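Since this is a predicted model, take the numbers as computed values, not measurements. Just so it is clear: chains get the letters A, B, ... in the order the sequence lines come, proteins before strands, and each one is counted from 1. What's counted below: heavy atoms across the whole structure, side chains too, no hydrogens, waters or symmetry copies.
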Number of protein chains: 2
Amino acid sequence: MDTIKATINRIKPVNPDLLRQAQTRLDNKTKPPGSLGRLEEFARRMAAISGTEVPDLSKKVIFTFAGDHGVVEEGVSLYPKEVTPQMVFNFLAGGAGVNVLARHSGAEVRVVDVGVDFDFGDTPGMLHRKVARGTRNFTKGPAMTREETVAALQVGIDLADQCRAEGVGLVGTGEMGIGNTTPSSAIIAAISGKTVAEVTHRGTGIGDEALVNKIRVIEAGLAINKPDPRDPLDVLAKVGGLEIAAIAGLVLGCAANSIPVVIDGFISTAGALIASELHPNVRDYIFAAHESVEIGHSFMLERIGAEPILDLNFRLGEGTGAALAMGLIDAGVKIMKEMATFEQAGVTK
Amino acid sequence: MDTIKATINRIKPVNPDLLRQAQTRLDNKTKPPGSLGRLEEFARRMAAISGTEVPDLSKKVIFTFAGDHGVVEEGVSLYPKEVTPQMVFNFLAGGAGVNVLARHSGAEVRVVDVGVDFDFGDTPGMLHRKVARGTRNFTKGPAMTREETVAALQVGIDLADQCRAEGVGLVGTGEMGIGNTTPSSAIIAAISGKTVAEVTHRGTGIGDEALVNKIRVIEAGLAINKPDPRDPLDVLAKVGGLEIAAIAGLVLGCAANSIPVVIDGFISTAGALIASELHPNVRDYIFAAHESVEIGHSFMLERIGAEPILDLNFRLGEGTGAALAMGLIDAGVKIMKEMATFEQAGVTK
């Protein structure tokens with residue numbers, strides 16, 4: 001807990017002077033001022049976050065955190081729990097959606113077992129950071145202990161610290177965990193005070209009856225655990241998940257290390273929401289990859305103050321949205337770096 | 001005119017069976033069905049248009065057509081006409097926005113002089129297809145003769161035919177022409193019957209007074225020329241532009257050659273609108289890169305039946321939006337090509 005507090009204390013707001021300096025440089029490029037819209041916003045924020053006008057994006061990393069959920073036994077997902085480790089092997093083989101899109105954007109995928117209910121032994125190519133073999137069923141008590149929650153947060157913080165040491169210029173979040181839209185909706189309901197029905201959707205594609213059940217399950221979890229909305233770690237422990245906690249830690253750690261972080265969809269945003277509730281300065285370091293199909297997502301983005309970059313009706317997770325958005329952020333940085341100025345090109349301003 | 005009719009006669013609707021076959025292949029990939037949203041739409045349409053499930057996108061080309069506009073003497077733009085050739089040299093040197101973003105997406109930029117009021121001599125690296133040194137001021141009569149219009153259309157058609165011969169897998173449109181939002185708005189008003197004020201915006205960033213003048217200028221052009229909305233070539237000739245005509249021709253030619261074409265922003269969409277008014281089957285081959293800031297754009301996209309891929313508040317033109325959208329379409333094709341199936345990955349379906 002002490003290192004988490006220490007991490008939070010390291011998070012400073014981004015210097016607005018750097019944002020202005022970056023925009024001045026953009027305004028000298030051969031285009032009407034502001035005409036590249038959000039690409040200029042990306043370039044400006046990337047410069048201000050990293051403290052250099054042309055940040056080095058040769059190393060971009062997406063962390064895909066995997067974890068299981070005890071609440072799956074309540075029938076909240078279309079897929080069996082076995083799919084979590086099966087998909088981990090798919091990530092390691094490079095065949096999943098996030099692998100394809102990360103390659104497309106020139107990013108590396110690092111797969112982290114933070115809580116899968118499966119013994120991976122010494123399977124190579126993955127990061128073994130298992131805190132527990134999944135969470136407990138939150139309809140019967142807390143999903144995690146406070147200690148497990150802190151340990152999972154610390155996994156994310158440590159990975160961010162390591163990114164700083166490696167010179168990673170842009171980090172993306174992702175996750176895999178059958179059933180994990182359920183804890184995500186529970187987190188949003190607990191923090192927002194909205195009804196569960198307002199923030200709960202179909203996940204991988206459940207039907208009407210299953211959706212009614214999912215809402216009932218989350219309501220039961222909130223009723224029995226009574227998470228305290230003023231204590232984000234309490235919410236995370238009682239109705240969250242190990243991969244969600246690791247994402248929250250990664251986002252905290254990126255902010256503490258001045259590394260911009262692209263949050264993927266619904267579940268990743270629930271993790272980022274916990275981080276931003278722990279300290280509002282975190283928000284300066286976040287890029288929201290896309291608008292998810294899941295309801296409740298827009299509430300979180302508003303609360304975090306992030307405008308989604310893409311709107312392609314994604315609902316896959318893994319880091320797929322982050323991968324594509326990282327490509328667009330990269331494009332913004334290249335505008336700053338590669339475009340000619342009016343003077344260089346001999347163009348009348 | 002005969003070759004334009006012949007081109008139009010070659011345009012066939014896309015086979016819906018191919019769309020279904022492509023979706024079946026996507027549904028075997030390791031993800032919930034439809035969970036990659038519009039990326040699946042891109043993959044499916046690309047497969048159906050090109051007639052192969054995994055189209056070859058190793059060659060992607062953006063054509064940036066440059067032309068001048070006589071109507072600039074009415075004070076419709078913030079920038080002087082000299083900027084058109086200055087920007088052409090910037091394109092050739094690789095320093096403009098479209099160059100940076102095309103490199104980012106792995107596309108080649110080909111710069112076409114179809115109507116710049118400047119003598120480029122034998123400047124290397126560009127395509128010399130000048131039809132006239134700019135259009136005439138449409139407040140005093142037609143912008144172009146019917147012959148000039150047909151010649152500029154033919155420029156685009158010929159380039160599309162050449163792309164087919166070269167095996168180009170995806171084409172993008174772009175343009176440069178100081179003042180060219182003015183003829184674009186005039187085209188939309190003529191075809192839609194909407195008032196000029198409803199479809200006219202600030203272009204590169206003119207102020208309130210200049211906007212009032214721009215609207216008045218377009219109204220004068222429509223009043224004196226009386227373009228016939230049932231004859232798209234009449235509209236194009238009387239209030240259009242040479243680069244807009246070339247874009248219309250490129251879009252027609254791509255459709256005739258079964259090449260998918262990504263239309264950039266406001267001006268490119270005006271060109272694509274002319275093409276789709278000439279034959280509705282054209283619409284099957286169009287991808288709309290992005291939602292432009294210019295009002296009147298959404299009317300055109302609705303009429304063409306295209307949903308924009310990006311919404312990044314761009315208003316630069318050149319092909320910048322097309323360049324980024326081509327990267328996302330490419331990502332969709334890679335999903336089809338590279339993602340593992342449930343069977344390959346040993347994942348429970």
Side-chain angles (χ1 to χ4, degrees), chain A residues 29-42 78-80 82-83 86-87 89-90 93-97 99-101 103-105 203-205 290 293 309-318 320 323-324 327-328 330-331 334-335 337-342 344-349, chain B residues 29-42 78-80 82-83 86-87 89-90 93-97 99-101 103-105 203-205 290 293 309-318 320 323-324 327-328 330-331 334-335 337-342 344-349:
Chain A
K29 302 290 187 179
T30 46
K31 57 173 186 51
S35 59
L36 280 174
R38 296 202 63 197
L39 230 48
E40 298 190 31
E41 171 206 322
F42 306 155
L78 211 58
Y79 290 81
E82 291 72 53
V83 170
Q86 288 170 351
M87 283 301 296
F89 287 112
N90 196 16
N99 302 105
V100 175
L101 299 183
R103 279 196 298 271
H104 179 71
S105 292
T204 48
H290 70 108
V293 172
I309 294 172
L310 288 161
D311 185 6
L312 296 172
N313 296 331
F314 277 20
R315 51 182 174 81
L316 177 56
E318 301 180 358
T320 47
L324 283 188
L328 296 178
D330 203 348
K334 288 178 183 172
I335 287 297
K337 185 175 182 180
E338 299 178 19
M339 249 186 95
T341 62
F342 285 100
Q344 286 165 341
V347 173
T348 308
K349 196 172 179 174
Chain B
K29 303 290 188 180
T30 46
K31 56 173 187 51
S35 60
L36 280 175
R38 297 203 61 198
L39 230 49
E40 298 189 32
E41 171 205 321
F42 306 156
L78 212 58
Y79 290 81
E82 291 72 54
V83 170
Q86 288 170 353
M87 283 301 296
F89 286 112
N90 196 16
N99 302 106
V100 176
L101 300 183
R103 279 196 295 271
H104 179 70
S105 292
T204 49
H290 69 109
V293 172
I309 294 172
L310 288 161
D311 185 7
L312 296 172
N313 296 331
F314 277 20
R315 51 182 173 82
L316 177 56
E318 300 180 358
T320 47
L324 283 188
L328 297 177
D330 203 347
K334 287 178 183 172
I335 287 296
K337 184 176 182 179
E338 299 178 19
M339 250 186 95
T341 62
F342 286 99
Q344 286 166 341
V347 173
T348 308
K349 196 171 178 177

Exercise for review: Please flag which part of Thr320(B) lies under 4.5 Å from any non-hydrogen atom of chain A: side chain, backbone, both or neither.
Suggested key: side chain

Point to revise | Heavy-atom pairs under 4.5 Å with chain A, option from Leu316(B), Thr30(B), Ile335(B) with the top count | key: Leu316(B)

Practice item. Under the salt bridge (Lys or Arg N to Asp or Glu O under 4.0 Å) rule, collect the residues that match up with Lys31(B), sequence neighbours excluded. Key: Glu40(B)

Check your understanding: What residues form a salt bridge (Lys or Arg N to Asp or Glu O under 4.0 Å) with Asp311(B), not counting sequence neighbours?
Key -> none

Exercise for review: Give, for atom CZ of Arg103(A) and atom NZ of Lys334(B), the distance between the pair rounded to the nearest 0.5 Å.
Suggested key: 9.0 Å

Exercise for review: Check each atom of Lys349(A) against the heavy atoms of chain B and say whether the ones under 4.5 Å are side chain, backbone, both or neither.
Suggested key: backbone

Check your understanding: Do you know which of Val100(B), Asn99(B), Asn313(B) has the most heavy-atom pairs with chain A at a distance under 4.5 angstrom?
Key -> Val100(B)

Revision key, fill the gap. Taking every heavy atom of Met87(B) against every heavy atom of Ala96(B), the minimum-distance pair comes out as CE-CB, 4.0 Å

**Study point:** Best-contacting candidate, Glu338(A), Arg38(A), Glu82(A), His104(A), against chain B by heavy atom pairs under 4.5 angstrom
**Key:** His104(A)

**Study point:** Among Leu312(B), Val293(B), Asp330(B), Thr204(B), residue most engaged with chain A (heavy-atom pairs, under 4.5 Å)
**Key:** Leu312(B)

Review point. Do Phe314(B) and Leu36(A) have side-chain heavy atoms sitting under 4.5 Å apart?
Key: yes

Exercise for review: Could you have a look at Glu318(B), Gln344(B), Met339(B), Glu41(B) and say which one has the most heavy-atom pairs with chain A under 4.5 angstrom?
Suggested key: Met339(B)

Practice item. Sort Val83(B) into side chain, backbone, both or neither according to what part of it lies under 4.5 angstrom from a heavy atom of chain A. Key: side chain

**Study point:** chain A contact via Leu101(B) - which portion, at a heavy-atom distance below 4.5 Å
**Key:** side chain

Review point. If you count heavy-atom pairs under 4.5 Å with chain A, which of Ala331(B), Ala345(B), Gly317(B) comes out on top?
Key: Ala331(B)

Revision key, fill the gap. One option among Gly37(B), Pro32(B), Gly203(B) has the most heavy-atom pairs under 4.5 Å with chain A, and it is Pro32(B)

**Study point:** Proximal component of Pro80(B), with respect to chain A [non-hydrogen, under 4.5 Å]
**Key:** side chain

Point to revise | Per-residue contact mode, Phe89(B) against chain A (heavy atom under 4.5 angstrom) | key: neither

Review point. What part of Lys29(B) lies closer than 4.5 angstrom to a heavy atom of chain A: side chain, backbone, both or neither?
Key: neither

Study note, to complete from the structure: Most heavy-atom pairs under 4.5 Å with chain B, out of Gly95(A), Gly94(A), Gly34(A), belong to Gly95(A)

Check your understanding: Distance from Ile309(B) atom CD1 to Leu310(A) atom CG, nearest 0.5 Å?
Key -> 10.5 Å

Practice item. Verify, without hydrogens or angle tests, whether Ser105(A) (side chain) and Ala323(A) (backbone) share a donor-acceptor contact under 3.5 angstrom. Key: yes

Review point. By a 4.5 Å heavy-atom criterion (distance strictly below it), what part of Leu324(B) contacts chain A: side chain, backbone, both, or neither?
Key: side chain

Point to revise | Which atoms of Ala93(B) approach chain A - backbone, side chain, both or neither, heavy atom under 4.5 Å | key: neither

Check your understanding: Hey, does Gln86(A) have a side-chain heavy atom less than 4.5 Å from the side chain of Thr348(B)?
Key -> yes

Practice item. Measure the spacing between OG1 of Thr341(A) and CG of Asn90(B) and express it to the nearest 0.5 Å. Key: 9.0 Å

